[in-house]
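Everything quoted here is computed from the prediction, not taken from an experiment. Heavy atoms only: backbone and side chains are in, while hydrogens, waters and symmetry mates are out. Every chain is numbered from 1 and lettered A, B, ... according to where its sequence line falls, protein lines coming before strand lines.
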2 protein chains.
Amino acid sequence: MFDRLDPLLHSELRLAVMSVLIGSDEADFVYLRQQTGATAGNLSVQLDKLAAAGYITVEKGFQGKKPRTTCRVTDTGRAAFAAYVESLRSYIGK
Amino acid sequence: MFDRLDPLLHSELRLAVMSVLIGSDEADFVYLRQQTGATAGNLSVQLDKLAAAGYITVEKGFQGKKPRTTCRVTDTGRAAFAAYVESLRSYIGK
DNA sequence: TAAACAAGTTTACTTTATAAACCAAATAAA
DNA sequence: TTTATTTGGTTTATAAAGTAAACTTGTTTA
């Protein structure tokens, strides 16, 4: 009756991150922090988990002399997000 | 940008329970177990939490000689569920 | 009357989430 | 120029959740 909810996506912050990335296709750490309002520590941990699952890629580089961490959603991540949203329907209707 | 998600409802099992109760208005422990597929222990714990929050009422009685635990959603619970679903929109769109 | 079953609850353990502390490099202030 | 301060994070420690397994109480069945 109820679909299982992907535990990786069923997390407030990870879901917000995926939402931003799906909308903007690329976002850096600072931007994600602004958009989600998360603490840096929490964001760092959750990005690692999403990357470990292959839902996003995390690229560390520099912009001038400042470090810059750029994230992108993968096809796997996109598919997982779509499936998660679809599963949610069994809980919330429509 | 993203609404906070009510942590009491942002739980797979508690959300499923609320979903069942909102649909059927009254459900006993055994029925909830069937519908959600949860273990009895987990269901027991999560019902307690929903009741503690005032989202449901839990009534213990007997049906013949067998104990029977009947749950109902409260107005508070209904409102919280509606708010939760609304908040989810900021994450998943539509 | 002893074994099995039903309906839960409690306990113990594992996993998550999160904040706080920390670090290294760059920039600004004294 | 040394000393704060800020930026962009990571690591660590703790609290909260989720869950299974064991337990309880009473009932039915063999």
Inset, instruction - Report which part of the nucleic acid A/V45 touches: base, sugar-phosphate, or nothing (heavy-atom distance under 4.0 Å, all strands). - result: base
Legend entry - Whole-Å distance separating the NE2 atom of B/H10 from the P atom of C/dA17: 8 Å
Legend entry - Listed nucleotide nearest any side-chain atom of B/S11, set D/dG18, C/dT9, C/dT16: D/dG18
Legend entry - Distance, rounded to the nearest Å, where A/Q46 contributes CD and C/dT16 contributes P: 10 Å
Inset, instruction - Please determine, for the side chain of A/S44, which listed nucleotide (C/dT16, C/dT9, D/dT11) has the closest atom? - result: D/dT11
Inset, instruction - Report yes if a side-chain nitrogen or oxygen of A/R14 is closer than 4.0 Å to either non-bridging phosphate oxygen (OP1 or OP2) of C/dA17; otherwise report no. - result: yes
Legend entry - Residue whose closest nucleotide on DNA chain D lies nearer the 5' end, A/P67 versus A/D48: A/P67
Inset, instruction - Grab the CG-P distance between A/N42 and C/dA21 for me, whole Å please. - result: 16 Å
Legend entry - Separation of C/dA7 C1' from B/Q34 CD (nearest whole Å): 13 Å
Inset, instruction - Find which nucleotide of DNA chain D each of A/R4 and A/V30 is nearest to by heavy atoms, and output the residue with the more 5' nucleotide. - result: A/V30
Inset, instruction - Starting from C1' on C/dG8, measure out to CD on B/E59 and report it in whole angstrom. - result: 16 Å
Inset, instruction - Among C/dT9, D/dA17, C/dT16, find the nucleotide with the atom closest to the side chain of B/K49. - result: D/dA17
Legend entry - Residue pair B/V20 / B/A27: nearest heavy atoms and the distance that separates them: CG1-CB, 4.4 Å
Legend entry - Residues A/D28, A/R33: salt bridge by 4.0 Å N-O rule: no
Legend entry - Rounded distance (Å) that lies between atom C1' of C/dT16 and atom CD of A/E12: 14 Å
Legend entry - Closest to side chain of B/K60, choosing from D/dA17, C/dT9, C/dA7: C/dT9
Inset, instruction - Go through the side-chain N and O atoms of B/Y84 and B/D3 and say whether any donor and acceptor fall under 3.5 Å apart. - result: no
Inset, instruction - Scan B/R68 against the nucleic acid and name what it touches under 4.0 Å (heavy atoms): base, sugar-phosphate only, or nothing. - result: sugar-phosphate
Inset, instruction - Would you kindly give the CG-to-C1' distance between B/D28 and C/dA7, to the nearest whole Å? - result: 10 Å
Inset, instruction - Find the distance A/F62:CZ to D/dG8:P and express it as a whole number of Å. - result: 12 Å
Inset, instruction - Using modelled atom types only, decide if a donor and an acceptor are shared between the side chain of A/R72 and the backbone of A/E26 within a distance under 3.5 Å. - result: no
Legend entry - Per B/T39 side chain, nearest of listed nucleotides C/dT16, D/dG18, D/dA20: D/dA20
Legend entry - Selected nucleotide, minimal atom distance to B/K66 side chain, candidates C/dA6, D/dT10, D/dG18: C/dA6
Legend entry - Step-by-step side chain to side chain contact (heavy atoms under 4.5 Å, CB included) determination, A/T57 to A/C71: CA-CA 6 Å; A/T57 58; A/C71 305; over 6 Å; no
